[in-house]
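To start, the structure under review is shown below, and the notes come after it.
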Protein chains: 2
Amino acid sequence: MPDNALLQTTTTAAGLSRYGQIAAALQAKIVSGAWAPGSAIPAEGALAKEFGIALGTIRQAIAVLVQQGLLERVQGKGTFVRKGLTGASLMRFFRFGRADDAPAVPRSEILSCRAVRLDKAMATRFGLPTGARGLAISRRRWLEDTPRLLESIWLPLPRCEALQQLPPAQWGDLLYPLLGSACGITVHRAVDEVTFRTLAADEASLLSLPDAHPCAVVTRHAFDLGGSCIEYRLTRGDAFAFRYTADVR
Amino acid sequence: MPDNALLQTTTTAAGLSRYGQIAAALQAKIVSGAWAPGSAIPAEGALAKEFGIALGTIRQAIAVLVQQGLLERVQGKGTFVRKGLTGASLMRFFRFGRADDAPAVPRSEILSCRAVRLDKAMATRFGLPTGARGLAISRRRWLEDTPRLLESIWLPLPRCEALQQLPPAQWGDLLYPLLGSACGITVHRAVDEVTFRTLAADEASLLSLPDAHPCAVVTRHAFDLGGSCIEYRLTRGDAFAFRYTADVR
DNA sequence: TAGTGGTCTAGACCACTTG
DNA sequence: AAGTGGTCTAGACCACTAC
């Protein structure tokens, strides 16, 4: 079918290759929720037929989204929409306890949770106007009988309204699964920045550490499937328990 | 050519797909130095003919090595063997100076350099027997007129012998390019581990910081193209200048 | 103009998973 | 046995880089 060759010329039409356009179409399906996290997408053959393209091309489009972490291929079973982050991953920065084999989920204690007005910096992160409403949460996390981490969390309020209806006692230990079930938000990506300072008096007392003790501060921006920021979090923990491994190239 | 279909059955023969085998062959060319860093490898068509396979298959093999960071494709020009790391990348952990726009290369001051016997842990890293010879280097790094980092570096000695012939004054500020030019070693990958502690008295004085000041410690294992460890490095710097960004998923 | 990698096709068979 | 993704082929044209 030599006519198809002409279609390739459309390459520059949308400023994107054919498989790029299709990848965008598939991504829209995922972001919109038409294809739910954890579910299988149609088979390659079916998609190829639907879009009127060759198998190799749809495979290339899928490869793009696999690379982005939106899809996951499983031999013989199908291609699946990836579930979001669990949120337990913050513990990767700290090694409490004696052995390094226990990346357990710390118990969460909600210290406070209230609606606030967001200042300019915070509102900008969420793509909201200054003064927009948000949820400010203060949380302490325990490992066995020791307080280990202090967290300050901000969430955009129109989107996370459902959280306010639920009593904090029913939140459980992980925020992200809760955001999924209560608010329908899938946390797909996060950017963590690590810095270092000393603890203020109130922080130190909450963590049972001496005043001015060194602490590591992890500042997290979390994003949903569409790339919008849906959480800003500040986590503080004992600097001497900090340990992180980075692979270069 | 239906006979080629039978060749696919060879898949399990070597426990590797055809493109996997070819990727391994290409990798051997790179690791052995037959294809030098920075040079172009033969064109896809030439390679396909040489191995007697289709274009798509050789492309898949090349894609594997691109993913591994060994090759780099440039549209219209060719496929090139990537040059190794420059080594300047350790500064990504620290933000000295007022603005965050100056990732300058700090000046290197060699404090000491001598041949030593490697203890068990160090020798094991280099794949050498306990007691093998190594080079122990102590280095201080300056930004403008301020000492910023303290480095302890260990290198395996049969391989890095050429360094001993060169007076440290001629080493320059970067170790990896030196390893390349003097010893023919390409540093392809490194693993950095970050922890925090306080400075010992001698360290503090060398860095013009108060005794017991908090410091970040970066422990680096560097590897050559063949995956052998060829450097162990311990870098210490002011914890309050530490800043690192990690992308999750 | 020639050479390179980038995109796309149409169809084949292989390997894995499920019923 | 049927369905899915994984591998491979043979050949076409497109887009970029050089000379």
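Lettering of chains follows the sequences in order, A, B, ..., and the numbering in each one begins at 1. Because only heavy atoms are used, hydrogens play no part in the values below, and waters and symmetry mates are left out as well, while side chains stay in.
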(message) Please pick, from C:dT9, C:dT7, C:dG5, the nucleotide with the shortest atom-to-atom distance to any side-chain atom of A:Ala54.
(response) C:dT9

(message) Just verifying a value: how many Å separate B:Ile22 CD1 and B:Ile53 CD1, rounded to the nearest 0.5 Å?
(response) 3.0 Å

(request) Using atom NZ of A:Lys49 as one end and atom P of D:dG3 as the other, report the distance to the nearest whole Å. (result) 13 Å

(message) Expressed as a whole number of angstroms, how long is the span from A:Leu47:CG to D:dT4:P?
(response) 10 Å

(request) Establish, yes or no, whether a centroid distance under 6.0 Å links the rings of A:His188 and A:Phe223. (result) no

(message) Let me confirm one number: the CZ-CZ distance from B:Arg243 to B:Arg95, rounded to the nearest 0.5 Å.
(response) 6.5 Å

(request) Provide, to the nearest angstrom, the distance between the CD atom belonging to A:Gln21 and the P atom belonging to C:dT7. (result) 12 Å

(request) Could you state the atom-to-atom distance from CG of B:Leu71 to C1' of C:dG6 in whole Å? (result) 16 Å

(message) Which nucleotide wins on minimum distance to the side chain of A:Glu44, given the candidates D:dC8, C:dG6, D:dG5?
(response) D:dG5

(request) Give the rounded distance in Å between these two atoms: CG of B:Leu55 and C1' of D:dT7. (result) 16 Å

(request) Would you mind reading off the distance between A:Gln75 atom CD and D:dG3 atom P, rounded to a whole angstrom? (result) 17 Å

(message) Please classify the nucleic acid contact of B:Ile53 as base, sugar-phosphate, or nothing, using heavy-atom distances under 4.0 Å.
(response) sugar-phosphate

(request) Could you state the atom-to-atom distance from CG of B:Leu16 to C1' of C:dC14 in whole Å? (result) 15 Å

(request) Could you tell me whether B:Arg73 and B:Glu44 make a salt bridge, using a distance below 4.0 angstrom between a side-chain N and a carboxylate O? (result) yes

(request) Look at the side-chain N and O atoms of B:Arg73 and state whether any lies under 4.0 Å from the OP1 or OP2 oxygen of C:dT4. (result) no

(message) So, OP1 or OP2 of C:dG6: does either fall under 4.0 Å of a side-chain N or O from A:Arg18?
(response) no

(request) For DNA chain C, determine which residues of residues 57-65 of chain B have any heavy atom closer than 4.0 angstrom to one of its atoms, and list them numerically. (result) B:Arg59

(message) Can a side-chain donor-acceptor contact be found between A:Glu151 and A:Thr235 if the only test is distance below 3.5 angstrom?
(response) yes

(message) Check this for me: does any side-chain nitrogen of one of A:Asp224 and A:Arg159 sit under 4.0 Å from a carboxylate oxygen of the other?
(response) yes

(message) If you compare every side-chain N and O of B:Lys77 against the phosphate oxygens of C:dG5 (OP1, OP2), does one of them come in below 4.0 Å?
(response) no

(message) Using the ring centroid of each side chain, check whether A:Tyr244 and A:Phe94 are separated by less than 6.0 Å.
(response) no

